[in-house]
Number of protein chains: 2
Amino acid sequence: MAKGTLPSSGGLSAKAPEERRERILRATVDVVRTRGFAGARVSDIAEAAGTSQGLVLYHFHSLDGALDAALTLLEDEFYDDLARDLQEQAGAVQRLRHMADLGAGLGPAVGDWRLWLELWVRALHDPGARETRESLDRRWRTSLREVISEGVAAGDFAPADAEAAVIRLASLMDGLAIQLALDDPDMTTQRLADLWWDAAILELRMPH
Amino acid sequence: MAKGTLPSSGGLSAKAPEERRERILRATVDVVRTRGFAGARVSDIAEAAGTSQGLVLYHFHSLDGALDAALTLLEDEFYDDLARDLQEQAGAVQRLRHMADLGAGLGPAVGDWRLWLELWVRALHDPGARETRESLDRRWRTSLREVISEGVAAGDFAPADAEAAVIRLASLMDGLAIQLALDDPDMTTQRLADLWWDAAILELRMPH
DNA sequence: AGGCTACCTGAATGAGCGTTCAGCACGGAC
DNA sequence: GTCCGTGCTGAACGCTCATTCAGGTAGCCT
């Protein structure tokens, strides 16, 4: 209806369908964020996107299709954000510090940790989600590994076991983030960033 | 039917209903373990317990009631197992080492980590689950805190910041366990225990 | 014996929800 | 103009599943 009233406003009309699709994708992410994968309904998505249920299915074939597409979008954005953000930082120490902030949610990147929790549980039962979360994890760990290597080469870090440090620091971030995601009263983004940074100092034998 | 054929075999008949209830509870835990909270159906529970759907609802009023009861059972057993297991160990170092094994799933206690993952996500949306998981977390952290205090008093540990060490070691266990729960090919129970133990050495400045 | 209560069952009920579908609007091709 | 493909909608359709319920059995009290 609203579309019919604005039929010929330039070449935008050709892009309109794609915009709709995009809007539905965003809405799907939002719904998963608030309702969870298990609680996401086609009607929720349609309402959040301001469209009909039919259109959601028209674009994505099924509810699972929409959820999968949202997952893929999330993965791509996560990686793009991460890569871009890290490139802006100079030096291994700066980059590592930035990763602490990113993980804590202080920075612009890295979507809500609640989504990650949801992804983990979905991965327990859904092969596609499993792959996505493994890929996500691998990318994060790879970035961490590169930063640490860089720091070792530059003489900033001197870890006893670099690979173990990578896994532990990545895992620690996950574990701390759980409390953040669950609104544990003892955890804040700042505290998370500090706790993780101190662990990094310990693991990497940084002179501080 | 099977019950009708064995009517008067001693005083056990009086306990039979309670046994049935217990069986359903166990079945509920099993179903959650395999299907997840979101995928658990009354029919699954009934089938796993070898009873009718009606009886599940008779004893627990609703599906959610059964799930909640299973959660409570899990929490109680977790704590009992943990307390008993730790009491058997002598000295802070032994106890800490044992916690590494327990968390990794090498010991007898601590149910499947998949259940914990499920619990976390349920806690995102269900207040009861949130309370259970907070209680569980608190208990585990308290045990860890006590062991560390004991070790500090005995001169075994010398952490720079004992409270930060508690939170980090507890969180690290969670983070490592996620990979175990998700069958990450890079993670095994032994590796988890080793990685955690090395982190403890680092955090607590243990002489090794 | 008669009745009361706890335990248990299988079928029926009804709500919620994913998916399908008949059809409308519209813009471009011819 | 007519035709046709794409985008889109709202109303069914049909299935799954939690919950209800009428009834059946067995022990226990009086």
Side-chain angles (χ1 to χ4, degrees), chain A residues 1-28 31-32 34-70 122 125-126, chain B residues 1-25 27-28 31-32 34-70 122 125-126 128:
Chain A
M1 292 284 266
K3 187 133 299 296
T5 60
L6 297 171
S8 57
S9 53
L12 285 179
S13 59
K15 207 170 53 182
E18 196 50 41
E19 279 176 0
R20 291 278 250 178
R21 199 189 128 99
E22 174 82 9
R23 194 126 58 102
I24 292 174
L25 221 39
R26 297 283 166 199
T28 305
V31 169
V32 172
T34 58
R35 299 259 207 288
F37 275 107
R41 309 273 164 257
V42 175
S43 58
D44 295 330
I45 297 172
E47 188 182 4
T51 70
S52 66
Q53 296 191 25
L55 190 61
V56 176
L57 278 300
Y58 174 78
H59 278 301
F60 297 101
H61 180 61
S62 71
L63 173 60
D64 264 324
L67 295 177
D68 286 349
R122 187 172 168 88
H125 308 106
D126 176 79
Chain B
M1 291 284 264
K3 186 133 300 295
T5 60
L6 297 171
S8 56
S9 53
L12 284 180
S13 58
K15 208 168 53 184
E18 196 50 39
E19 279 176 4
R20 289 280 247 176
R21 199 190 127 99
E22 173 83 9
R23 195 126 58 101
I24 293 173
L25 220 40
T28 305
V31 170
V32 171
T34 58
R35 299 258 207 287
F37 275 106
R41 308 272 164 259
V42 174
S43 58
D44 296 331
I45 296 172
E47 188 182 6
T51 70
S52 66
Q53 296 191 26
L55 191 60
V56 176
L57 277 300
Y58 174 78
H59 278 302
F60 298 101
H61 179 62
S62 71
L63 173 61
D64 264 324
L67 296 177
D68 287 349
R122 181 159 230 251
H125 307 105
D126 176 79

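Sequence lines set the chain letters: A, B, ... in the order given, protein chains first and strands last, and positions in each chain run from 1. Just the heavy atoms: all of them, side chains too, but no hydrogens, waters or symmetry mates, feed the values below.
An OP1 or OP2 oxygen of D:dC8 is reached within less than 4.0 angstrom by a side-chain nitrogen or oxygen of A:H59. Contact check, B:R23 against C:dC8: no side-chain N or O comes under 4.0 Å of OP1 or OP2. Taking 4.0 angstrom as the limit, B:R20 places none of its side-chain polar atoms (N or O) nearer than this to OP1 or OP2 of C:dC7. Phosphate contact (OP1/OP2 of D:dT16, side-chain N/O of B:R41, threshold under 4.0 Å): absent. For B:Y58 and C:dC8, the shortest distance from a side-chain N or O to OP1 or OP2 is not below 4.0 Å.
Within the nucleic acid shown, A:L63 comes within 4.0 Å of sugar-phosphate atoms alone, with no base atom in reach, counting heavy atoms only. A:A40 comes within 4.0 angstrom of sugar-phosphate atoms only, judged by non-hydrogen atoms across all strands, and of no base. Contacts of A:L55 with the nucleic acid, taken as non-hydrogen atoms under 4.0 Å apart, include base atoms.
In the set C:dT19, C:dC7, C:dT9, the nucleotide with an atom closest to the side chain of A:V42 is C:dT19. The side chain of B:S62 lies closest to D:dT19, out of C:dG18, D:dT19, C:dT9.
Distance, A:I45 CD1 to C:dT19 C1': 14 Å, rounded to whole Å. Rounded to an integer number of Å, the gap from B:H61 NE2 to D:dT19 P is 8 Å. Computed from coordinates, the A:D68 CG to C:dG18 C1' distance equals 15 Å when rounded to whole Å. In this structure, B:E47 places its CD atom 16 Å from C1' of C:dG10, rounding to the nearest Å. Nucleotide C:dA6 holds its C1' atom 14 Å from the CZ atom of B:R21, rounded to whole Å. When rounded to the nearest whole Å, the span between CD1 of B:I24 and P of C:dC7 equals 12 Å. Rounded to whole Å, the distance from CD on A:Q53 to C1' on C:dC17 is 8 Å. Taking atom CG of B:L57 as the reference point, atom C1' of C:dC8 lies 12 Å away to the nearest angstrom.
Side-chain contact between A:L25 and A:F60 is present, with at least one heavy-atom pair separated by less than 4.5 Å. Residues B:L63 and B:I45 are in side-chain contact: their nearest non-hydrogen atoms beyond the backbone lie under 4.5 Å apart.
Dense packing is recorded around CZ of B:R21, with more than 12 heavy atoms of other residues, nucleotides or ligands lying under 6.0 Å away. The 12-atom threshold is not exceeded at CD of A:E47, counting heavy atoms of other residues, nucleotides or ligands nearer than 6.0 Å.
In this structure, B:R23 does not pair ionically with B:E19, as no charged nitrogen and carboxylate oxygen lie closer than 4.0 Å.
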